[in-house]
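See structure below.
Every chain is numbered from 1 and lettered A, B, ... according to where its sequence line falls, protein lines coming before strand lines. Hydrogens, waters and symmetry mates play no part in the numbers below; they use all other heavy atoms, side chains included.
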Amino acid sequence: MSNEAPVSNFIRAIIDGDLVSGKRSSVVTRFPPEPNGYLHVGHAKSICLNFGIAEDYQGQCNLRMDDTNPEKEEDEYAAAIEADVRWLGFAWHGDVRHASDYFEQLYAYAEELISAGKAFVCELNAEEMREYRGDFSKPGRDSPYRTRTVEENLALFRAMRAGEYADGSKTLRLKIDMGSPNLNLRDPVIYRIKRATHIKTGDSWCIYPMYDYTHCISDALEGITHSLCTLEFEDHRPLYDWVLDNITIASHPQQIEFSRLELLYVVTSKRKLKQLVDEQLVSGWDDPRMPTITGMRRRGYSPEGIKLFAQRIGVSKGENIIDYSILEGAVRETLEEACPRVIAVLDPIKVTLTNFEAGVTASRSAPYHPHHAEWGEREVPIAPTIYVEREDFAEVPPAGWQRLTLGSEVRLRYSYVIKCDEVVKDAAGNVVELKCSIDPATLGQNPVGRKVKGVIHWISAEHAIEAEVRLYDRLFTEARPDAVRGADGQYVDFKQFINGASLQTITAYVEPVVSTAAPETRYQFERLGYFVTDRHDHVAGGKPVFNRTVTLKDAWAAKEAK
RNA sequence: AGGGGAGUCGCCAAGUUGGUUAAGGCAUCGGAUUUUGAUUCCGACAUGCGAAGGUUCGAAUCCUUCUUCCCCUGCCA
């Protein structure tokens, strides 16, 4: 877990080298999300990497909103991003930064580039620009506006800022090389005219800088030493370096790219996630089935579980294709030691204890955790009528069955061994009740002369309280819902693969102690899994509302499935 | 006149100035403990590093050729 030594990876190797060689004397990283959506599990990987490195090297990590496109960015997202990072347990250095904090400096650097003859105002429209750019096999052609004088460019750029031109009518471009095999270097646009209200700067600007131009300068201004990003930006690195090499700036961070996470049975495109929300296929960004950080939180995943997951998947430049079960496994593992145990029956079948004797048949108390005696115990009262899990009874048991069946014995967890003597059915043939007898000599001790292997959970009918329980399963039935092609070779709409059974809401019986739990309290329901009181719908003192976080590992079910 | 990356066990992933039997985790399979078929604990798990050649006393690491996969033609990030 978090106390394990950090796993070596190529980025740490680079940093170690930089520290030894003296190229760097400290480590400063940053996490730079665009506030145009909610953070998801892929961002969690990046957050753990950037903040984790800063912690391990006693450096710092900044949180910077990459807010250069006002058309897509919203305050709601920015606020959610801060909350998510904090919830994961990380603390950014100083205040939250914004690329927009640097708009004035960015503008000044643009004038510097113009003055040096390295940038020009272009009047090609989008379509023309695409045509001039060429393609993979054809070099591009110089824009007819490329040869304007410095004075003309400066005047035009200032007029752009002053709002004298229509949106999209002009751009500021770098003069690099239209013949470069790297398309990013074919005179990239660094400013566009766009009249949109910005979340931080309002309407004070009508020109906005582009990512490639903004990101490197923002990094440099913040004194970032290692700028970590995903692989698709590898082709942008020459541009990152070109900009910093051609302006007057002291710092030059090193961009290092790593592979992005591809989690199976999940989509992690902000656009697609937003589609699920907008089309109400989920209840919102924080629907417990969403791979968003806020969704995982509501599902009951712990920050520790997500961090353990990030640690396990590693950091490299190879494909990082991870099965969803790895995430669940990491979460389950952290919850094992952290959650108190409690008993719940999700799908009850009534059991009458035929030889129950008031005043003689006794109850025991049960510990909240098998390895944490200090967490205390609570009484688990027994009564003449109890509920057991329907799936713990089989009329025709398969080979190896250790649970209840007619004529056999089973241990009631924390209580007696019982034997099923009679199965009661309704007119339709459904099992509606089991009549069982207690072996009075088995409370707190094993029966003599025979071994009872099975243990099932149960709850007293008269003591149990009702709870709403939401059973969640994965959202998609396909491992790669957004990469399935139909007979026509086209991608099939990923929404076709939504798992219709990904949410099932039931009423279950639980121990009364949970009703006073605060929202976001996690429990293990013994033999079933980990459940959390819903962040929004559970109210302490009211009818409990639980979300199933993840089931327990189930060797029996796995064996049966084979 | 295309460019940029990556191929080490089922899934991740260390290892790369060539040097003992190729780390570790997850999964899996055995076995022990267990009043959760959970947990925990033991043990097993790549004569092999995309393929084929070559250099060398010695190659996952160097050379050659081949091959597979990913990314790039927004005034998005």
Side-chain angles (χ1 to χ4, degrees), chain A residues 4-5 7-10 13 32-34 36 66-69 71-72 122 124-126 129-130 133-140 167-173 179-186 188-194 208 210-212 214-215 229-238 257 259 262 264 270 311-323 325-326 329-330 332-333 336-337 341 343 364 366 369-371 400-403 410-417 442 444-446 452-457 524-529 551-560:
Chain A
E4 288 170 28
V7 180
S8 171
N9 61 50
F10 78 103
E34 183 187 14
N36 67 342
D66 214 344
D67 54 353
T68 56
N69 186 357
E71 284 172 345
K72 293 186 176 171
C122 184
L124 255 24
N125 64 35
M129 199 173 300
R130 198 177 313 123
R133 186 160 36 233
D135 59 31
F136 294 146
S137 53
K138 272 199 309 275
D167 284 13
S169 63
K170 290 180 175 55
T171 56
L172 183 69
R173 294 225 260 162
S180 172
N182 181 346
L183 269 35
N184 296 123
L185 264 21
R186 318 246 260 227
V189 170
I190 59 170
Y191 269 92
R192 74 285 215 190
I193 303 172
K194 186 177 288 216
Y208 290 96
M210 301 280 290
Y211 166 83
D212 284 309
T214 307
H215 203 83
C229 62
T230 44
L231 246 29
E232 65 269 27
F233 291 100
E234 223 152 11
D235 290 337
H236 295 243
R237 192 182 344 121
E257 311 84 10
S259 53
E262 182 180 340
L264 298 179
K270 278 187 192 171
Q311 182 184 308
R312 283 193 176 157
I313 62 177
V315 177
S316 72
K317 301 185 78 151
E319 282 183 326
N320 201 223
I321 303 169
I322 309 291
D323 192 80
S325 63
I326 304 298
R332 186 186 288 124
E333 190 170 316
E336 192 332 289
E337 56 167 306
R341 271 61 168 166
I343 287 174
R364 284 180 80 203
H369 189 110
H371 309 312
W401 182 257
Q402 295 177 6
R403 280 112 97 148
V410 80
R411 162 76 66 183
L412 292 181
R413 179 79 165 149
Y414 304 124
S415 188
Y416 297 92
V417 168
T442 56
Q445 56 193 1
N446 285 322
V452 174
K453 206 152 186 230
V455 179
I456 64 173
H457 60 277
Q524 182 196 100
F525 289 172
E526 292 210 43
R527 301 211 310 131
L528 294 173
T551 58
L552 250 33
K553 198 190 285 181
D554 190 343
W556 167 249
K559 197 173 172 183
E560 281 295 278

Calculate the interatomic distance between [X] atom [atom1] and [N] atom [atom2]; express it in whole Å.
X	N	atom1	atom2	answer
Tyr191(A)	G74(B)	OH	P	22 Å
Gln445(A)	U35(B)	CD	C1'	12 Å
Arg413(A)	U34(B)	CZ	P	13 Å
Asn9(A)	C12(B)	CG	P	16 Å
Ile313(A)	A27(B)	CD1	C1'	16 Å
Met210(A)	C75(B)	CE	P	6 Å
Asn320(A)	A14(B)	CG	P	10 Å
Arg130(A)	G74(B)	CZ	C1'	8 Å

Mind checking the [atom1] distance from [N] to [M]? Whole angstroms is fine.
N	M	atom1	result
G19(B)	G58(B)	C1'	7 Å
C9(B)	U28(B)	C1'	12 Å
U17(B)	A13(B)	C1'	23 Å
U8(B)	U47(B)	C1'	15 Å
C62(B)	G18(B)	P	8 Å
G15(B)	A6(B)	P	14 Å
A60(B)	C49(B)	P	7 Å

Problem set entry | Single hit among Arg341(A), Arg413(A), His457(A) for side chain to side chain donor-acceptor pair (under 3.5 Å) with Glu526(A) |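 Passing option: Arg413(A).
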
Which is true for [X] with a 4.0 Å heavy-atom rule: it touches a base, it touches only sugar-phosphate, or it touches nothing?
X	answer
Asp554(A)	sugar-phosphate
Gln524(A)	base
Glu319(A)	sugar-phosphate
Thr171(A)	base
Asn125(A)	base
Gly140(A)	nothing
Ile193(A)	nothing
His236(A)	base
Gly454(A)	nothing
Gly318(A)	sugar-phosphate
Ala126(A)	base
Ile456(A)	nothing
Lys270(A)	nothing
His457(A)	nothing

Problem set entry | Nearest-neighbour nucleotide for the Gln402(A) side chain, G37(B), A13(B), C75(B) considered |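 It is G37(B).
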
Problem set entry | Listed nucleotide nearest any side-chain atom of Pro370(A), set G37(B), G2(B), U36(B) |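 Nucleotide nearest to Pro370(A)'s side chain: U36(B).
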
Does [N] have OP1 or OP2 under 4.0 Å away from a side-chain N or O of [X]?
X	N	value
Ser325(A)	C26(B)	no
Arg312(A)	A14(B)	no
Arg192(A)	C76(B)	yes
Thr68(A)	A77(B)	yes
Lys453(A)	G37(B)	no
Arg133(A)	C75(B)	yes

Problem set entry | Stacked pair Phe136(A)-C72(B), distance under 5.5 Å, angle under 30° |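 Base of C72(B): stacked against Phe136(A).
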
What's the separation between atom [atom1] in [X] and atom [atom2] in [Y], rounded to the nearest 0.5 Å?
X	Y	atom1	atom2	result
Asp135(A)	Arg130(A)	CG	CZ	12.5 Å
Lys270(A)	Asn36(A)	NZ	CG	3.5 Å
Asp212(A)	Ile190(A)	CG	CD1	10.5 Å

Which heavy atom of [X] sits nearest to which heavy atom of [Y], and what is that distance?
X	Y	result
Val417(A)	Thr442(A)	N-OG1, 2.9 Å
Leu183(A)	Phe136(A)	CD2-CE2, 3.7 Å
Met210(A)	Val189(A)	CG-O, 3.3 Å

Is there, by distance only and without an angle test, a donor paired with an acceptor across the side chain of [X] and the base of [N] below 3.5 Å?
X	N	value
Arg186(A)	U73(B)	no
Arg527(A)	G37(B)	no
Arg364(A)	U35(B)	yes
Asp235(A)	G3(B)	yes
Glu337(A)	U39(B)	no

Exercise. Since syn is defined as within 90° of 0, does G54(B) count as syn or as anti?
Worked result: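 Here G54(B) takes the anti form, which means its glycosidic angle is more than 90° from 0.
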
Exercise. Would you say Thr551(A) and Arg332(A) make side-chain contact, with heavy atoms under 4.5 Å?
Worked result: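 Yes, close enough: below the 4.5 Å cut-off.
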
Problem set entry | Any-strand Watson-Crick or G-U partner of G43(B), both distances under 3.5 Å |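 By the stated definition (distances under 3.5 Å), C29(B) pairs with G43(B).
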
Problem set entry | Paired nucleotide for U56(B) [Watson-Crick or G-U wobble; both distances under 3.5 Å] |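 Partner of U56(B): none.
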
Exercise. Are Glu34(A) and Lys72(A) ion-paired here, with the side-chain N under 4.0 Å from a carboxylate O?
Worked result: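 Answer for the salt bridge query: no.
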
